[in-house]
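Along the sequence shown, residues are numbered consecutively beginning with 1. As a basis for the values below, the full set of heavy atoms in this structure was taken, side chains included, without hydrogen atoms, waters or symmetry mates.
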Amino acid sequence: MKEKSNLPWNEKLTKKALPKVKHIDKQFSDIEANSDMLVATPKIFEEYLNRIPKGQFIDTKQIRKDLAKKFKADATCPVTTGLFLRIVAESAFEKFQNGTKPSQLTPFWRAISPNSTLAKKLSFGKEFLIEMQKKEGIEF
């Protein structure tokens, strides 16, 4: 079993990694057998989130479809999607705690529903997420 990393979230975000497209023989989650599956990187998710216009929300299923298309894969890994979105969110909140203005943060609140499993895992709770969504007029 892998040891949990105690790196600060920003270091997890900026850690050198390359995206991979892996061929999977068996069905995995919502991905059919004999598919090419993208395993992206936290930075790829950060870049994607930074392009979502203010006041818009794009759910993780759409993000996965968009990234798979961009990297010429059939689908994007749902497990690493959740992990990497959390890294982006935690890193952004870490920056917020260190004085970065919300307008300068990666807008993770445009992709994480407050009722999602991912939102429940955030170390800082859902309040900031909901507050930022309300400020932008994002409703659920």
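Looking only at distances, a side-chain donor or acceptor of Arg86 sits under 3.5 Å from a matching main-chain atom of Lys121. Formation of a donor-acceptor pair under 3.5 Å by the Ser116 side chain with backbone atoms of Ser113 is found in this model.
Side-chain contact between Met37 and Asp74 is absent, with no heavy-atom pair separated by less than 4.5 Å. In this structure the side chain of Leu129 never reaches within 4.5 angstrom of the side chain of Lys134, judged on heavy atoms. Between Pro107 and Ile52, every side-chain heavy-atom pair lies at or beyond the 4.5 Å cut-off. In this structure, the side chains of Thr76 and Ile63 stay at 4.5 Å or more apart for every pair of heavy atoms. Lys12 is not listed as a side-chain neighbour of Ser91, based on a closest heavy-atom distance of 4.5 Å or more. Using a 4.5 Å cut-off on side-chain heavy atoms (C-beta onward), Leu18 and Thr41 make no contact. For the pair Phe128/Leu122, no side-chain contact is recorded, criterion being any heavy-atom separation below 4.5 Å from C-beta on. Contact check for Pro114 versus Gln133: side-chain heavy atoms found under the 4.5 Å cut-off.
Hydrophobic clustering, with ILVMFWY side chains joined whenever heavy atoms are under 4.5 angstrom apart, keeps Met132 apart from Ile130. Criterion: ILVMFWY side-chain heavy atoms under 4.5 Å apart, direct or through other members. Under it, Leu13 and Leu7 are not part of a common hydrophobic cluster. Tracing side-chain contacts under 4.5 Å through hydrophobic residues (I, L, V, M, F, W, Y), one reaches Ile31 starting from Leu83; they form part of the same cluster.
Residues passing the side-chain hydrogen bond (donor to acceptor under 3.5 Å, both in side chains) test with Glu136, sequence neighbours excluded: Trp109, Arg110. Under the salt bridge (charged side-chain N to carboxylate O under 4.0 Å, His left out) criterion, Glu94 pairs with no residue at all, not counting sequence neighbours. Checked against side-chain hydrogen bond (donor to acceptor under 3.5 Å, both in side chains), Asp66 has the following partners two or more places apart in sequence or in another chain: Tyr48, Gln62. Every residue two or more places apart in sequence or in another chain that forms a salt bridge (charged side-chain N to carboxylate O under 4.0 Å, His left out) with Lys135 is listed here: Glu131. Partners of Ser123 by side-chain hydrogen bond (donor to acceptor under 3.5 Å, both in side chains), not counting sequence neighbours, listed by chain and number: Glu90.
Note: Ile87 CD1 to Glu46 CD = 11.0 Å, rounded to the nearest 0.5 Å. In this structure, OG1 on Thr100 lies 6.0 Å from CG on Leu105, to the nearest 0.5 angstrom. Here the CZ-OG1 distance, from Arg51 to Thr106, works out to 11.5 Å after rounding to the nearest 0.5 Å. One distance of note links CZ of Phe45 with OG1 of Thr60; it measures 9.0 Å at 0.5 Å rounding. Atom NZ of Lys22 is separated from atom OG of Ser35 by 14.5 Å, given to the nearest 0.5 angstrom. To the nearest 0.5 Å, the span separating CD1 on Ile24 from SG on Cys77 amounts to 8.5 Å.
Taking the six-membered ring for Trp, Phe57 and Phe140 have ring centres closer than 6.0 Å.
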Step-by-step side chain to side chain contact (heavy atoms under 4.5 Å, CB included) determination, Leu85 to Leu49:
CA-CA 9 Å; Leu85 284 173; Leu49 296 180; 3.9 Å; yes
Working for side chain to side chain contact (heavy atoms under 4.5 Å, CB included), residues Phe28 and Val79:
CA-CA 10 Å; Phe28 177 69; Val79 175; 3.7 Å; yes
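Among all heavy-atom pairs drawn from Gly82 and Leu118, the shortest one is O-CD1, 3.7 Å. Of all non-hydrogen atoms in Pro19 and Phe71, the two that sit nearest each other are CG-CE2, 3.7 Å.
Screening residues 27-41 for salt bridge (Lys or Arg N to Asp or Glu O under 4.0 Å) gives Asp30-Arg64 as the qualifying pairs, with residues at least two apart or on separate chains.
Ring orientation note: the planes of Phe96 and Phe93 are tilted relative to one another, at an angle of 30° to 60°.
Within 6.0 Å of the CD atom in Gln97, the count of heavy atoms belonging to other residues, nucleotides or ligands exceeds 12.
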